[in-house]
Structures are given as C-alpha cells and as structure tokens.
2 protein chains.
Amino acid sequence: MTREDILDLFAERGVKVTPQRLEVAAILLEKPQHLSADQIIDRLRGSGSRVSKATVYNTLNLFGERGIAREVKVDPIRRIYDSTRGHHYHFFNVDTGELQDIPADDLELGRQPDLPEGTEPLGVDIVIRVKNRRN
Amino acid sequence: MTREDILDLFAERGVKVTPQRLEVAAILLEKPQHLSADQIIDRLRGSGSRVSKATVYNTLNLFGERGIAREVKVDPIRRIYDSTRGHHYHFFNVDTGELQDIPADDLELGRQPDLPEGTEPLGVDIVIRVKNRRN
DNA sequence: ATGATGCTTAGACGAAGTCTAACGCCGCCC
DNA sequence: GGGCGGCGTTAGACTTCGTCTAAGCATCAT
C-alpha cells in the first residue's frame, strides 16, 4: 500500500493525518500481515523511529475503530492487528502461533441463527484452529 | 451438574480429584454459563472458600486442556470459561459484554476451505458479534 | 498574539495471569 | 511404621500488556 493509498484511506475514514499515524500505517499496511503492538514498536525502533508506546496503542485502537485495520481475537495473551480489511476469516496454528487469512469466498456460512432479541449484527468472526500433523 | 457427574467427568478425563478442583468445578459446571477466573474467585470467596488464586488459574487451565470447560476467545481483556462442553458457537454483545451460546445445529457451515499444508483440524470457533438496536 | 483543541510523550499505574519457593498430603517401599 | 518421592496448593512476588496522567506541542481560528 502506497503512501497515497494510506492518505486516501485516512481521509475516507475521517482520521487526521499525523507523522506518527503515517509511520504506524506504513508498517502495518505495507502488505497483508498480522502484527502485534509489540512487533510494530520493534519495527519502528528498528528503523530509528521514536514514536512512543502510548501513541502506537492509541493509533492501533483508532485504526480498529475506523476500520483501517482489524483486531483479530485468537490469543488472549496479545492483541493482533490484521492489515487485510475486507471480509475474511482465519486459520490459527496453535503449534506455531501462526495466523493465516481465509478469503470470504472459501468459507460458506449456511443457515444462520436468529439474533438475540433487540440486537443487530456487527459481524462474524471465524477461526479454524489447526495443529501440525505429527510424522 | 451433580457432584457425581463431576467425579465421573474427572475420571473420564484423567483428572485427579482434589477438594479445590471440586470447588471450582461445582461453581463453573453448576449450570450453562460463562465465567471469568475473577468471577469464580469472587464466588469462592463469597461462600467462604479459601482456594488460592494460583490454584484457580491452574485448575482452569487444566479444565481447558482436558475438555472439562471451554475457553472462549472474545474479549482480549480477560479469559472466559464456558461450562457447556459440546459443539457450539457464541453470540457476543459488545454493548453488554454478554455471551450467549448458539447450539451447533443452529448454524450450518457450508463449504470449508482446505487446511494449510501439513496441519490437521482442531476445531472451529465462531463468534457472531451483535450490538443493541438503538430506539 | 490568544486561546482552544487535539496529538504525542515519558513514565506511572493497573489488571490479568504466571512463577517461585515453601509446605502439606498421600501413597509406596522397605 | 518411618522415610521418601511426587504432586497439588499456597502467598506473594513478578511479568506482561495495555491504559492513564500530566505536561508539552502543533495547528487552527479569531
């Protein structure tokens, strides 16, 4: 994703542009990937950036709210952000901790249950847990 | 779930019986419900029990491993344990934090994607996120 | 300039869970 | 029956991840 794309995305989602937000976006949105806040901080530090921890967390929360990145819930131990914004699901390899996208088209949801009284849908999270096959 | 049922379940899953494990099981497995470690500790304390925090966490981890309870991943902030063991899914109300079971029969999975190379399936977690309907 | 607003920062803080070292209990063996 | 080994439990220290706080800055409008 180019700098231009990122600026467009910010505008589209009503996110004010700041140098720090651009730095975080440049790392996370570079390519389809799954990163934790910590990994992003490491990469920032690695490239000599001095964006503070608080700003990285604030930014990731903001990106999550505005649909600029997606928070994946698999591992209660750390929050993972997914740079792929579209409708899709995940494989989670419990042996390696690896996370892999499943395009929406590859998984069909048949019958869906009635929602609880007085609620409306927000989305469906699906995680297929797998492990390495031994031998 | 009666004390007898719990003892049977422990035996079936190869879990040694201790007074502390029975206390935790009695609370969690009493009825279909979703509890955090903290809630379980509160209830233990409320009924005058002195089981330590470390033991509650150890026990819940053990229950999770042995399929005596199920860890539900919805909220990265805290781990939730589900007393319903069978195959089922969840509604998660983001407004109330409420978690509700979806019987496996109410949700059909159509086409499923091929698993990643060299892996075998462990299970499928599905969470339908909902919010309260305004007005 | 002045003030208002909102972003960023370092570091303190908080919550949830794990770890450590000591202790207790129980079964086993001689 | 006394000693031993292993497992479970315990209190509290500790770790980790994330949030909060208070101060400092930038930007904008007047």
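Per chain, numbering begins at 1; letters A, B, ... match sequence-line order.
- Across the protein-nucleic acid pair, A/L35 atom CG and D/dC17 atom P stand 15 Å apart, rounded to whole Å.
- For A/R79, the side-chain atoms get nearest to D/dT19 when compared with the rest of D/dT10, D/dT19, C/dA10.
- Using a cutoff of 4.0 Å between basic side-chain nitrogens and carboxylate oxygens, B/D42 and B/R45 are not scored as salt-bridged.
- Atom P of nucleotide D/dT27 and atom CZ of A/R21 are separated by 14 Å, given to the nearest angstrom.
- Remark: B/R3 does not engage B/D8 in a salt bridge, criterion side-chain N to carboxylate O under 4.0 Å.
- Under 4.0 angstrom from either OP1 or OP2 of C/dT9 there lies at least one side-chain N or O belonging to A/T55.
- For the pair A/L60 CG and D/dT19 C1', the computed distance is 14 Å after rounding to whole Å.
- Put simply, CZ on A/R78 is 14 Å from P on D/dT16, counting in whole angstrom units.
- A donor-acceptor contact shorter than 3.5 Å is absent between the side chain of A/D101 and the backbone of A/P103.
- In this structure, B/D42 atom CG and C/dA15 atom P are separated by 13 Å, rounded to whole Å.
- Across all strands shown, A/D75 has no heavy atoms under 4.0 Å from either base or sugar-phosphate atoms.
- A sub-4.0 Å separation between OP1 or OP2 of D/dT10 and a side-chain N or O of B/N58 is absent.
- Not a single donor-acceptor pair, N or O on each side, falls under 3.5 Å between the base of C/dG11 and the side chain of A/K53.
- Across the protein-nucleic acid pair, A/D38 atom CG and D/dT19 atom C1' stand 15 Å apart, rounded to whole Å.
- Residue A/T18 places at least one side-chain N or O under 4.0 Å from the OP1 or OP2 atom of C/dT8.
- Following rounding to the nearest Å, A/Q39 (CD) and D/dG18 (P) show an atom-to-atom distance of 11 Å.
- The closest side-chain donor-acceptor pair between B/E23 and B/S49 falls under 3.5 angstrom.
- Note on A/Y57: a side-chain N or O is less than 4.0 Å away from OP1 or OP2 of D/dG18.
- No salt bridge links B/R43 with B/D38; every basic N to acidic carboxylate O contact stays at or beyond 4.0 Å.
- Closest to the side chain of A/K16, from the set C/dG6, C/dT18, D/dC7, is C/dG6.
- Taking atom CG of B/L44 as the reference point, atom P of D/dT10 lies 10 Å away to the nearest angstrom.
- In this structure, B/R50 reaches the D/dA11 phosphate: one of its side-chain N or O atoms is under 4.0 Å from OP1 or OP2.
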